[in-house]
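Heavy-atom basis, side chains included; hydrogens, waters and symmetry copies ignored. Reminder, nothing fancy here: chain letters follow the sequence lines and each chain counts from 1.
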There are 2 protein chains.
Amino acid sequence: MRWTPQRRSVVAALSGASGHVTAAELVERCRDQDPTTTPSTVYRTLDVLEELGLVRHGHGADGREEFHVQPAVEHGHLYCSACGGRWEIAEGQAQAVVAAFASVDGFEVDLSHMTVVGVCGACARAGGR
Amino acid sequence: MRWTPQRRSVVAALSGASGHVTAAELVERCRDQDPTTTPSTVYRTLDVLEELGLVRHGHGADGREEFHVQPAVEHGHLYCSACGGRWEIAEGQAQAVVAAFASVDGFEVDLSHMTVVGVCGACARAGGR
DNA sequence: GGCCTTATTGCGCATAGTTGCAATAAGCGC
DNA sequence: GCGCTTATTGCAACTATGCGCAATAAGGCC
Ligand SMILES: [Mn+2]
Ligand SMILES: [Mn+2]
Ligand SMILES: [Zn+2]
Ligand SMILES: [Zn+2]
């Protein structure tokens, strides 16, 4: 495994990003530093970083991959299709969900890769429907 | 709303497809019938069909959209990242999950849009790890 | 410091999906 | 059946992402 300048660049861009970033955004961030950045290299670097466990990815409400540096607690994401809001899935719910799937056939849910879309409480009450 | 030959084509391709199909697959199926099929038209048609409630889409383990003709029971999908297996989420788990989210802030989960990835019981037991 | 192996890069090309816009044609009224 | 309005289509250009392959350069060895 080689520590190349382009990998350094991606790691820097990642740590400089709070929360979640899509690969395309990362390409941009890297380009801000080094305009010669190549997309394929960034995509491939993200793959290795994930194999190394340094980052994890989930999917936005639209299915697009979103990366985030490995956080303290593994967590999934919740998206409101009405207001566009997004939240991390709380420990409590996460446990309930994991348990629900584990109970049936021993299915082990990959929490950090879990994306749940729906309508948040606020929108549900407001929008009626 | 106009009933055009290209929309008829997409609907035909959809009904001829059992289970789930990705938009790209649908484009292929349409082309088998009518080689002049244009991708953008298929994609746009899928959008209107979904607005009409004739189809719904979820996302595969990789985030790609997958369509299926509106089934009797709304359901999400479960994917095993180890063996590639896929299942519909059973009523029981679905209820547990919906309840888990509803309980906290009244979040209303869109079940048919729910994708859960992880390791199935069989793979978990087999692969250890 | 130079050499050598081979992991990585950059590139060109490919696929999936989106969007603006001008040309086309449903379907309604007569 | 004939126009007319305007929903749809086809196309071209574009974004996001992936892949094969030859050229390049990390980093271990002496
Ligand atoms: Mn979706
Ligand atoms: Mn994924
Ligand atoms: Zn909301
Ligand atoms: Zn499995």
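Residues satisfying the side-chain hydrogen bond (donor to acceptor under 3.5 Å, both in side chains) criterion with B:His68, sequence neighbours excluded, are absent altogether. For the side-chain contact (heavy atoms from CB on, under 4.5 Å) test, no residue two or more places apart in sequence or in another chain qualifies with A:Ala99. For A:Phe67, the ring pair (Phe, Tyr, Trp, His ring centres under 6.0 Å) criterion is met by A:His57, not counting sequence neighbours. With sequence neighbours excluded, the residues forming a side-chain hydrogen bond (donor to acceptor under 3.5 Å, both in side chains) with A:Asp34 are A:Thr36, listed by chain and number. Residues forming a side-chain hydrogen bond (donor to acceptor under 3.5 Å, both in side chains) with B:Asp47 (at least two apart in sequence, or on another chain): none.
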Letter per nucleotide, 5' to 3', of nucleotides 25-30 of chain C [B base touched, S only sugar-phosphate touched, - untouched; heavy atoms, 4.0 Å]: BBS---
Letter per nucleotide, 5' to 3', of nucleotides 13-19 of chain C [B base touched, S only sugar-phosphate touched, - untouched; heavy atoms, 4.0 Å]: ---SSBB
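Comparing the end axes of the helix from C:dG1-D:dC30 to C:dC30-D:dG1, each fitted to five base pairs by superposing C1' atoms of four pairs onto the next four, gives an inter-axis angle of 20° (nearest 10 degrees).
Residues in residues 1-19 of chain A take part in no side-chain hydrogen bond (donor to acceptor under 3.5 Å, both in side chains) pair, two or more places apart or across chains. Within the structure, ring-ring contact (aromatic ring centres under 6.0 Å, His included) pairs that include any residue of residues 92-112 of chain A do not occur (at least two apart or interchain). Applying the salt bridge (Lys or Arg N to Asp or Glu O under 4.0 Å) test to residues at least two apart or on different chains, the pairs with a partner in residues 73-91 of chain B are B:Arg56-B:Glu74, B:Glu66-B:Arg86. Pairs passing the side-chain hydrogen bond (donor to acceptor under 3.5 Å, both in side chains) check and including a residue from residues 24-33 of chain B, sequence neighbours excluded, do not occur.
Atom CD of B:Glu51 is separated from atom C1' of D:dT8 by 14 Å (rounded to the nearest Å). Protein atom CZ of A:Arg7 is 11 Å distant from nucleotide atom P of C:dG10, rounded to whole Å. Atom pair A:Leu46:CG and C:dT8:P shows a separation of 14 Å (rounding to whole Å applied).
OP1 or OP2 of C:dG10 sits under 4.0 Å from a side-chain N or O of A:Gln6. The side chain of B:Thr38 places no N or O atom within less than 4.0 Å of a non-bridging phosphate oxygen (OP1 or OP2) of D:dT9.
Side chain to side chain, A:His77 and A:His20 meet the donor-acceptor criterion of an N or O pair below 3.5 Å.
A donor-acceptor pair is defined here as one N or O able to donate and one able to accept, closer than 3.5 Å; such a pair exists between the side chain of A:His75 and the backbone of A:Val73.
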